[in-house]
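This report concerns only the one structure given below.
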Amino acid sequence: MKAKLPDYVDVLLEGYAESPNYDVLRSEMDNSVAKQRPRRTLPIVERQVKLMVGNTQNKLAFDQWFKSDIHGGSNFFEFVDPIDKQTKMARFVGGTIKWSTPGSVWFIDAELETVG
Amino acid sequence: MRNYTDNAKENLLAVSADEPFLILLEIMHPDLEVPIRIVNDVEAVISRDQEFIGMPFNVTLPDDIRSQIPYAVLEVDNIGRELTTWLEYSRGGQHAKCRLMQILKSDPDQVELDITMDLTEMVITNSTVKAKIGFVNVLGQSAVTTTFTPRSAPGLW
């Protein structure tokens, strides 16, 4: 069964950024315009996201999901792209997330990668 | 001399090419009922009714240098160790053949380059499997076990 980002997690607009990468090959020469060609038919999109997880109970549930469902952040999970609302397969880059809380609400700063 | 189609030539010569050249890789081995079919892209491709699974790998296409047997270099990631099991089982992929094909995704049934070579000299590390794809140097091999030369058997001369 495919893992899915838990329903209590929201992607915030604040701090959201994305960078599509077609792995373009570029040849620099002494003169004239460099040649360029893409090396993928779909981009790998890296997204800086801030996730709002909610209260401490949700935080603990997320930690459990992170450990057992996506195996320490190494596996892909279903993620709804906040821009086009399409479901895509995403994973945490390097399996790294950073928790923070200004008080009772927990947030995650992370980098996601998706295909397309 | 490679015989590319006009479409492929246009792509090769373009300052800003509109699509990538994809390399299809087919590994055939007597122990494999179905050949391994992969493409160096992020999604699968169907070419001539065969599905090639999208998988990252590096390939250096064979060169054409005088007095040297042409060979390509293939590098596949080894995270997951699926290949390692097969390589151990097949004694380092002995007698495996490797077919490299180059296509454009806009016309996946048109194969621009098609080469079949032997898979040799495998080097496996924790993160990658690297192999040389070339022809076994049959002409350079010794035809007999012992060669009698003036140096090895002076009494005969």
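Lettering of chains follows the sequences in order, A, B, ..., and the numbering in each one begins at 1.
- In this model, a donor atom of one side chain and an acceptor atom of the other lie less than 3.5 Å apart for A/Arg37 and B/Asn11.
- Under the 4.5 Å side-chain heavy-atom criterion for Ile, Leu, Val, Met, Phe, Trp and Tyr, B/Phe52 and B/Leu25 are members of distinct hydrophobic clusters.
- Chosen from A/Leu42, A/Thr41, A/Val115, the residue pairing most often with chain B at heavy-atom distances under 4.5 Å is A/Thr41.
- In terms of modelled atom types and a separation under 3.5 Å, the side chain of A/Lys35 and the main chain of B/Ala17 share no donor-acceptor contact.
- No more than 12 heavy atoms of other residues, nucleotides or ligands shown are found within 6.0 angstrom of CD on B/Glu33.
- Atom CG of B/Asn40 and atom CG of A/Asp23 lie 10.0 Å apart (nearest 0.5 Å).
- Counting heavy-atom neighbours within 6.0 Å of A/Gln57 CD, excluding the residue itself, gives a total of 12 or less.
- Both B/Leu113 and B/Leu100 sit in one connected hydrophobic cluster of ILVMFWY residues. Membership requires side-chain heavy atoms under 4.5 Å apart, directly or through other members.
- Contact of A/Ile44 with chain B is made through the side chain alone, with heavy-atom distances under 4.5 Å.
- Contacts between B/Leu12 and chain A at a heavy-atom distance below 4.5 Å involve backbone atoms as well as side-chain atoms.
- Within a 6.0 Å sphere centred on CZ of A/Phe62, heavy atoms belonging to other residues, nucleotides or ligands number more than 12.
- Other residues, nucleotides and ligands contribute more than 12 heavy atoms inside 6.0 Å of the CG atom of B/Leu156.
- Using a 4.5 Å cut-off between heavy atoms, B/Glu19 contacts chain A through its backbone alone, with no side-chain atom that close.
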Side chain to side chain contact (heavy atoms under 4.5 Å, CB included) between B/Val15 and A/Gln36, worked out: CA-CA 6 Å; B/Val15 174; A/Gln36 291 195 156; over 6 Å; no
